[in-house]
Amino acid sequence: MKDKLLLIYKILLSEFGKQYWWPGETRFEVCIGAILTQNTNWQNVEKAINNLKRKNLLSPYTLEKIDLKKLAAFIKPSGYFNQKSKKIKEFLKWFKKYNYNFEEVMKRDTFELRKELLNIWGIGEETADSILLYALDKPIFVVDAYTKRLFVRHNFIKEKDAKYKNIQSIFMNNLPLDKNLFNEYHALIVKLGKIYCKKQPLCNKCVLNKRELFL
DNA sequence: GACCAGGCACATC
DNA sequence: GATGTGCATGGT
């Protein structure tokens with residue numbers, strides 16, 4: 001499995017190049033983006049984030065003060081805006097315990113932080129891990145719908161076993177715990193997924209199928 | 001118009 | 001623990 005994972009990474013990197021993730025300018029923007037992108041197209045998230053930026057609202061201090069209804073209106077393009085506005089407020093409540101200071105947050109142990117994030121209403125495993133990896137520079141592997149599809153379709157795992165924790169373990173038990181590697185790898189899987197790994201499969205055209213390992 | 005997108009909480013069995 | 005449902009916009 002180790003060799004397979006490294007080969008896939010090599011293929012994806014040579015095919016697509018570095019992705020320079022996450023698409024966000026600050027740690028805080030990454031956190032908000034991670035919440036807004038839940039089950040949503042990234043283009044819609046960008047619209048929502050731009051609405052916040054345009055109004056100079058993209059900081060914990062301003063978002064803390066804004067009315068829930070107004071926040072929902074600004075993030076409308078990202079969908080599920082009533083839920084997501086509440087999720088942002090819940091995230092802020094947690095972040096405030098650290099005085100909105102990422103340096104303080106990042107001092108803490110990765111898995112303690114993960115537990116705290118999972119305790120926030122609206123933050124599940126993928127969102128928590130996205131925040132840990134892309135906002136807090138912690139070496140943890142992010143699993144998403146594309147990753148699951150990739151693993152199931154290439155028979156690396158049975159459909160019934162394709163749980164978040166199982167897939168994450170495969171990566172983290174077989175690869176060095178390197179945040180730069182995990183960062184690029186997940187981004188490349190999303191890049192691959194957007195092109196070839198749709199719900200309606202285009203698997204026969206997938207770049208991975210062209211290579212010897214998958215023939 | 002139908003289907004999909006970088007999930008999650010909650011109810012029910 | 002597994003399965004089903006509501007949440008909602010914008011692109012194809």
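Numbered from 1 within each chain, the chains take letters A, B, ... in sequence-line order.
Among the atoms of the strands shown, only primed sugar atoms or phosphate atoms (P, OP1, OP2) are found under 4.0 Å from some heavy atom of A:Ile120. A:Asp144 comes within contact range of the sugar-phosphate backbone alone, with a heavy-atom separation under 4.0 Å but no base atom that close.
Separating the CD1 atom of A:Ile123 from the C1' atom of B:dG7 is a distance of 12 Å, rounded to the nearest angstrom. What separates CG of A:Asn82 from P of C:dA8 is a distance of 4 Å, to the nearest Å. Atom pair A:Glu159:CD and C:dA2:P shows a separation of 12 Å (rounding to whole Å applied). Note: NZ (A:Lys84) to C1' (C:dC7) measures 9 Å, nearest angstrom. Across the protein-nucleic acid pair, A:Lys160 atom NZ and C:dA2 atom C1' stand 13 Å apart, rounded to whole Å. Note: OH (A:Tyr80) to C1' (C:dA8) measures 6 Å, nearest angstrom. Summarising the geometry, the separation between CD1 on A:Ile75 and P on C:dA8 is reported as 9 Å, rounded to the nearest angstrom. In this structure, the CD1 atom of A:Ile167 is 13 Å from the P atom of B:dG7, given to the nearest Å.
Contact annotation: the side chain of A:Trp121 never approaches that of A:Trp94 to less than 4.5 Å [non-hydrogen atoms, C-beta and beyond].
Salt-bridge annotation for A:Lys87 and A:Glu90: absent, with no side-chain N of the basic residue lying under 4.0 Å from a carboxylate O of the acidic one. Look at A:Glu25 and A:Lys53 and you find a salt bridge, because one of the NZ, NE, NH1 or NH2 atoms lies within 4.0 Å of a carboxylate O, short of that distance. A salt bridge does not link A:Glu15 to A:Lys191: none of the charged side-chain nitrogens sits closer than 4.0 Å to a carboxylate oxygen.
Side-chain nitrogen and oxygen atoms of A:Arg149 include at least one within less than 4.0 Å of the OP1 or OP2 phosphate oxygen of B:dA5. Between A:Thr127 and the phosphate of B:dC8, there is a side-chain N or O to OP1/OP2 separation shorter than 4.0 Å. Between C:dG1 and A:Lys163, no contact under 4.0 Å exists linking OP1 or OP2 to a side-chain N or O. In this structure, A:Asn39 reaches the B:dG7 phosphate: one of its side-chain N or O atoms is under 4.0 Å from OP1 or OP2. Neither OP1 nor OP2 of C:dG10 sits under 4.0 Å from any side-chain N or O of A:Trp42.
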Task: Verdict with supporting geometry, A:Phe182 and A:Phe171, ring-ring contact (aromatic ring centres under 6.0 Å, His included) - done: CA-CA 9 Å; A:Phe182 289 172; A:Phe171 283 98; 7.8 Å; no
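For A:Glu126, the side-chain atoms get nearest to B:dC8 when compared with the rest of B:dA9, B:dA5, B:dC8. Distance from the side chain of A:Asn44 is smallest to C:dT9 among C:dG11, C:dA8, C:dT9.
Spacing of P atoms, C:dA8 relative to B:dC10, comes out at 14 Å, to the nearest Å.
Take the nearest nucleotide of DNA chain C for A:Gln43 and for A:Thr40: the residue whose nucleotide is more 5' is A:Thr40.
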